[in-house]
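Small disclaimer: the values here were computed from a predicted structure and weren't measured. As a basis for the values below, the full set of heavy atoms in this structure was taken, side chains included, without hydrogen atoms, waters or symmetry mates.
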There are 2 protein chains.
Amino acid sequence: MTTAPAPRRGRPPSGGREEILSATLAVLRERGVAKLTTREVARRAGVSEGSIYYHFTDRFGLLLAVFERGLRPLADLNQRGFAGPDLRGTLAGFMAAVEAFLDPAVDVLTAAQSDADLREALGTHMRDNDLGPHRGITMLGAYLEQQQRLGVVRADVDPETVAYTLVSGCFMRASQERMVGHTLGVASREQQLDLLMTLLAPTEDAVK
Amino acid sequence: MTTAPAPRRGRPPSGGREEILSATLAVLRERGVAKLTTREVARRAGVSEGSIYYHFTDRFGLLLAVFERGLRPLADLNQRGFAGPDLRGTLAGFMAAVEAFLDPAVDVLTAAQSDADLREALGTHMRDNDLGPHRGITMLGAYLEQQQRLGVVRADVDPETVAYTLVSGCFMRASQERMVGHTLGVASREQQLDLLMTLLAPTEDAVK
DNA sequence: GTCTATAGGTTGATAGAC
DNA sequence: GTCTATCAACCTATAGAC
């Protein structure tokens with residue numbers, strides 16, 4: 001075989017469906033759901049409105065497709081291993097991955113709140129596919145518990161609560177700028193990491 | 001004087017403006033911004049659409065009024081003192097206040113994301129009025145720093161980062177159920193509090 | 001699969017009586 | 001201050017040609 005890349009099914013780029021999906025996400029992020037009209041999406045995607053209705057049943061279906069697509073990285077993120085050699089590096093990597101997922105995902109989750117039906121549909125999708133922060137939190141919790149047994153992490157903290165704390169810090173970091181208009185009060189990833197390391201370090205009393 | 005309550009200016013209840021504002025918030029929370037039409041608001045408030053346009057310049061102005069109203073409790077919350085006798089009680093009280101504010105506020109912040117103009121207007125309002133989590137975080141940070149000097153809190157943690165951690169946990173608790181459709185992975189207020197107390201407790205090494 | 005054209009239905013906003 | 005009646009604009013969705 002030659003230098004041919006991985007073989008695919010549909011047509012690689014220029015596929016109208018993909019154009020429509022990414023145009024929809026772009027409009028969603030830049031102008032908001034309220035301004036997300038089929039007209040505007042068609043214009044951006046360089047297709048006609050009719051095309052949209054060929055690929056998707058209706059506006060609702062289009063939005064759902066964009067939502068599911070935006071949440072898909074979470075499934076992958078939940079499955080890949082992440083445990084590294086050193087504690088700090090592992091936590092840092094986890095945080096980076098969470099924030100990378102959250103950046104676009106927050107927009108999607110937020111947009112779904114604009115309509116009760118959308119919210120309900122997305123909630124169902126997340127429940128059915130076991131999506132949410134819990135998988136990652138459980139995984140990280142298990143890792144921390146293991147580190148506890150190794151004596152690397154102090155034994156008198158609840159691992160899952162630590163994991164929740166880490167994720168919630170990432171979530172707020174990913175949300176605040178967009179939602180509040182500034183980042184005042186937000187701790188940096190490094191600051192949060194420093195704090196977590198201080199918290200997790202075994203102490204003389206606790207190690208006993 | 002008789003049993004007359006406090007004197008007021010406008011008509012006490014039944015004031016059309018108030019009715020409209022609370023009807024708007026109700027529709028916002030139940031059906032979402034997308035379904036928030038002047039028709040629906042008028043119906044719920046028991047007034048005509050014309051009345052809405054008498055009290056507010058347009059739909060945009062109505063929404064802004066509701067947003068500012070929903071964020072108002074934050075200003076109060078930022079000003080009241082909160083330092084109590086014991087550390088745990090103080091933190092618990094702070095968390096409760098933050099979550100009480102956040103419960104309705106998250107809906108408002110989320111709704112503002114539906115339109116770029118709304119988001120921009122609300123962001124400006126928050127910047128102009130110095131609103132956001134930073135005031136509370138700074139206050140709590142100062143309190144923790146004081147407790148450090150008193151030896152009640154271990155000295156080798158950054159107080160503001162601890163405060164951020166506490167608030168971010170509240171923020172995620174207030175957001176997740178609405179946005180994800182379930183609360184899996186979310187640590188309870190008690191669990192978070194336990195973890196914080198463990199973190200803050202002075203250690204033999206650190207106290208030195 | 002993609003287009004054009006258009007029907008059908010909402011919605012925000014105004015005018016003017018009371 | 002509140003109402004009724006109405007308009008103009010816009011948007012979703014469909015039909016049918018290519």
Once you round it to whole Å, what is the distance between P of C:dT10 and CZ of B:Arg43?
-> 15 Å
Electrostatic pair B:Arg173:B:Asp103 at N-O distance under 4.0 angstrom | no
Take nucleotides 13-18 of chain D nucleotide by nucleotide from the 5' end and write B, S or -, depending on whether a protein heavy atom sits under 4.0 Å from the base, only from the sugar-phosphate, or from neither.
-> BB----
Without swapping roles, check the side chain of B:Gln113 against the backbone of B:Leu109 for a donor-acceptor pair under 3.5 Å.
-> yes
Taking atom P of C:dG1 as reference, at what distance in whole Å does atom CD1 of A:Ile52 sit?
-> 16 Å
With a 4.0 Å cut-off, would you call B:Arg59 and B:Glu49 a salt bridge?
-> no
Taking NZ, NE, NH1 and NH2 as the nitrogens, is one of them in A:Arg88 or A:Asp194 under 4.0 Å from a carboxylate oxygen of the other?
-> yes
Measure the distance from NE2 on B:His55 to P on C:dT14 and round it to the nearest whole Å.
-> 16 Å
Kindly indicate whether the side chain of B:His125, heavy atoms from C-beta on, has any atom under 4.5 Å from the side chain of B:Glu120.
-> no
Which of residues 22-37 of chain B have a heavy atom under 4.0 Å from DNA chain C?
-> B:Leu36, B:Thr37
Walk me through it: do B:Arg135 and B:Gln79 pass the test side-chain hydrogen bond (donor to acceptor under 3.5 Å, both in side chains)?
-> CA-CA 9 Å; B:Arg135 300 265 301 278; B:Gln79 277 172 334; 6.0 Å; no
Are side-chain heavy atoms of A:Leu195 and B:Leu199 found at a separation under 4.5 Å?
-> yes
Any ion pair linking A:Glu68 and A:Arg72 (charged N to carboxylate O, less than 4.0 Å)?
-> no
Could you give the CG-to-P distance, from A:Leu62 to D:dC11, as a whole number of Å?
-> 15 Å
A:Thr90 side-chain N/O to A:Gly84 backbone N/O, donor-acceptor pair under 3.5 Å = yes
At how many degrees, to 10°, do the end axes of the helix from C:dG1-D:dC18 to C:dC18-D:dG1 meet when each uses five pairs?
-> 10°
Output yes when B:Arg31 and A:Asp115 qualify as a salt bridge under the 4.0 Å nitrogen-oxygen rule, no when they do not.
-> no
In whole angstrom, give the distance that lies between atom CD of B:Glu18 and atom P of D:dG1.
-> 13 Å
For the pair made of CG in A:Asp115 and P in C:dT10, what is the distance, rounded to whole Å?
-> 15 Å
5′-ward residue of the pair A:Tyr54/A:Arg39 relative to DNA chain C | A:Tyr54
Reckon A:Gly61 touches a base, only the sugar-phosphate, or nothing at all at heavy-atom distances under 4.0 Å?
-> nothing
Taking CD1 from B:Ile20 and P from D:dG1, how many angstroms apart are they, rounded to a whole number?
-> 12 Å
Determine the minimum heavy-atom distance between A:Ile137 and A:Ala163, stating which atoms define it.
-> O-CB, 3.5 Å
Phosphate oxygens OP1/OP2 of C:dC3: is one of them under 4.0 Å from a side-chain N or O of A:Ser51?
-> yes
